[in-house]
Novice: 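Sending over a structure as structure tokens; questions will come in a sec.
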Amino acid sequence: MKKLFITIVLFLTAFTIANAQLLRVEELEKYAKQRYGDKWIDAATNLASQLSLDKNNALTYTQIIETPGKTKNQLYVLLNYWFTATFNDANSAITLNDKELGTIIAQGYMSNIAEHAGGSNSYYVSIKPIIKCDIKDEKIRVTYTVPYYDVTCMVGGGWIGIFSDDKPIRSDEKWTFDKCFPFVAKDSHKRTSSKALIMTHAYSNVIIDKIEECVKNGLVGNEDDDW
């Protein structure tokens with residue numbers, strides 16, 4: 001009975017750790033509004049001056065995090081713990097985990113960060129960010145990349161569609177950043193693209209902050225306990 005109780009406690013602890021890393025889109029939107037305001041076009045316009053696309057027209061952020069006193073092996077253990085707890089569902093996965101190389105790569109997923117119901121069609125924007133950590137003694141380099149927006153277009157799913165008996169038809173699209181506002185002035189989905197950019201940027205802040213917290217203070221806070 002005692003063994004069963006311990007097993008249940010360990011399971012619940014692991015479940016809590018994993019889910020503590022997840023962020024609902026409602027929470028991300030609240031965070032984004034607090035930092036950048038709720039006028040998406042204005043916020044995207046202001047942010048554009050701070051951003052540039054990489055050679056593949058993807059949105060990429062890189063940050064070096066200093067961790068004095070922590071070895072490459074210690075950092076790898078912490079990050080492996082965090083990545084395993086965070087990217088563990090059907091829509092996200094660790095794609096590379098090489099201890100000797102000192103590199104961990106995962107693909108995340110954040111659904112419906114922006115949506116729009118137009119006259120004829122409706123659009124739902126999601127992102128699949130790629131998070132890469134390169135590890136050395138006393139520091140890590142975090143690279144966060146979003147290649148494009150993953151968009152589900154429901155053809156005939158706009159407000160005009162409510163007057164039709166036809167069912168909307170799904171069409172999956174990829175919107176590249178160089179074709180979206182604010183990286184181009186003319187964008188028929190300007191407001192949707194603006195909100196998507198702010199939400200994408202906000203999510204990068206959240207991910208990098210969580211990684212920094214993990215490598216500096218541990219995932220659960222007891223990794224350095226003398227036991």
Side-chain angles (χ1 to χ4, degrees), residues 17-36 40 43-44 47-48 50-65 78-98 102-115 123-135 140-152 172-183 189 192-215 219:
I17 291 170
N19 282 274
Q21 304 304 313
L22 303 178
L23 187 70
R24 298 195 306 270
V25 69
E26 296 85 0
E27 296 170 328
L28 180 62
E29 183 167 339
K30 181 179 179 181
Y31 171 82
K33 286 180 177 179
Q34 288 173 343
R35 295 203 61 170
Y36 307 107
W40 304 115
L47 188 60
Q50 306 172 34
L51 302 177
S52 59
L53 302 180
D54 66 20
K55 65 178 183 179
N56 299 311
N57 287 321
L59 192 62
T60 295
Y61 304 83
T62 301
Q63 182 167 323
I64 306 295
I65 300 174
L78 286 169
L79 287 168
N80 182 59
Y81 195 7
W82 183 82
F83 272 83
T84 302
T86 303
F87 303 102
N88 61 356
D89 59 31
N91 295 309
S92 60
I94 297 173
T95 57
L96 176 67
N97 191 338
D98 191 318
T103 299
I104 304 176
I105 303 175
Q107 183 173 70
Y109 181 68
M110 200 72 188
S111 65
N112 297 339
I113 60 170
E115 56 186 64
Y123 303 90
Y124 303 88
V125 183
S126 302
I127 54 171
K128 296 178 180 177
I130 300 167
I131 299 95
K132 178 186 179 187
C133 280
D134 296 303
I135 310 164
I140 65 170
R141 180 178 62 191
V142 183
T143 305
Y144 169 99
T145 301
V146 181
Y148 43 75
Y149 298 127
D150 282 274
V151 182
T152 298
D172 293 324
E173 303 176 356
K174 291 178 172 60
W175 292 0
T176 58
F177 287 95
D178 61 322
K179 303 297 182 182
C180 293
F181 186 84
F183 301 103
H189 314 102
T192 307
S193 297
S194 296
K195 182 179 180 180
L197 177 66
I198 298 304
M199 294 283 278
T200 299
H201 183 72
Y203 195 52
S204 76
N205 294 338
V206 171
I207 289 290
I208 293 174
D209 286 350
K210 285 183 178 291
I211 291 175
E212 183 170 13
E213 170 65 19
C214 174
V215 295
L219 184 61

Novice: Which pair of non-hydrogen atoms, one from P182 and one from L197, has the smallest distance, and what is that distance?
Specialist: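 Smallest heavy-atom distance, with atoms named: CD-CD2, 3.4 Å.
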Novice: Applying side chain to side chain contact (heavy atoms under 4.5 Å, CB included), run through T86 and I131 and close with a yes or a no.
Specialist: CA-CA 11 Å; T86 303; I131 299 95; over 6 Å; no
Novice: Got a donor-acceptor contact below 3.5 angstrom from the D209 side chain to the V206 backbone?
Specialist: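 Side chain of D209 to backbone of V206: no pair is present.
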Novice: Of the non-hydrogen atoms in I207 and Y144, which two are nearest, and what is the gap between them?
Specialist: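 Closest heavy-atom pair between I207 and Y144: CG1-CE1, 4.3 Å.
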Novice: Are P147 and N56 packed together at the side-chain level, in the sense that at least one heavy-atom pair is separated by less than 4.5 angstrom?
Specialist: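 No, side chains not in contact.
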Novice: Quick one, L53 with L59, criterion side chain to side chain contact (heavy atoms under 4.5 Å, CB included). Give me CA distance, side-chain angles, the key distance, then yes/no.
Specialist: CA-CA 5 Å; L53 302 180; L59 192 62; 4.1 Å; yes
Novice: Side-chain donor-acceptor pair under 3.5 Å between T176 and N57, yes or no?
Specialist: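 Looking only at side-chain atoms, N57 and T176 do not form any donor-acceptor pair under 3.5 Å.
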Novice: Which heavy-atom pair separates A196 from T200 by the least distance, and what is that distance?
Specialist: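 Closest heavy-atom pair between A196 and T200: O-OG1, 2.7 Å.
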Novice: Of all heavy-atom pairs between T62 and R141, which one has the smallest distance, and what is that distance?
Specialist: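 Between these two residues, the closest heavy atoms are CG2-CG, 3.7 Å.
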Novice: Verify side chain to side chain contact (heavy atoms under 4.5 Å, CB included) between Y149 and F177, making sure each step is shown before the conclusion.
Specialist: CA-CA 8 Å; Y149 298 127; F177 287 95; 3.2 Å; yes
Novice: Starting from the C-alpha separation in whole Å, work towards a yes-or-no answer on side chain to side chain contact (heavy atoms under 4.5 Å, CB included) for T60 and T143.
Specialist: CA-CA 7 Å; T60 295; T143 305; 3.8 Å; yes
Novice: Is the closest basic N to carboxylate O distance between E26 and K30 below 4.0 Å?
Specialist: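 Judged by the 4.0 Å cut-off on N to carboxylate O distance, E26 and K30 do not form a salt bridge.
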Novice: How close do F87 and Q107 get, counting heavy atoms only, and between which atoms?
Specialist: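 Nearest heavy atoms, F87 then Q107: CD2-O, 3.9 Å.
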Novice: Compare every heavy atom of V146 with every heavy atom of A58, then report the nearest pair and how far apart it is.
Specialist: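 Shortest heavy-atom separation between A58 and V146 comes out as CB-O, 3.5 Å.
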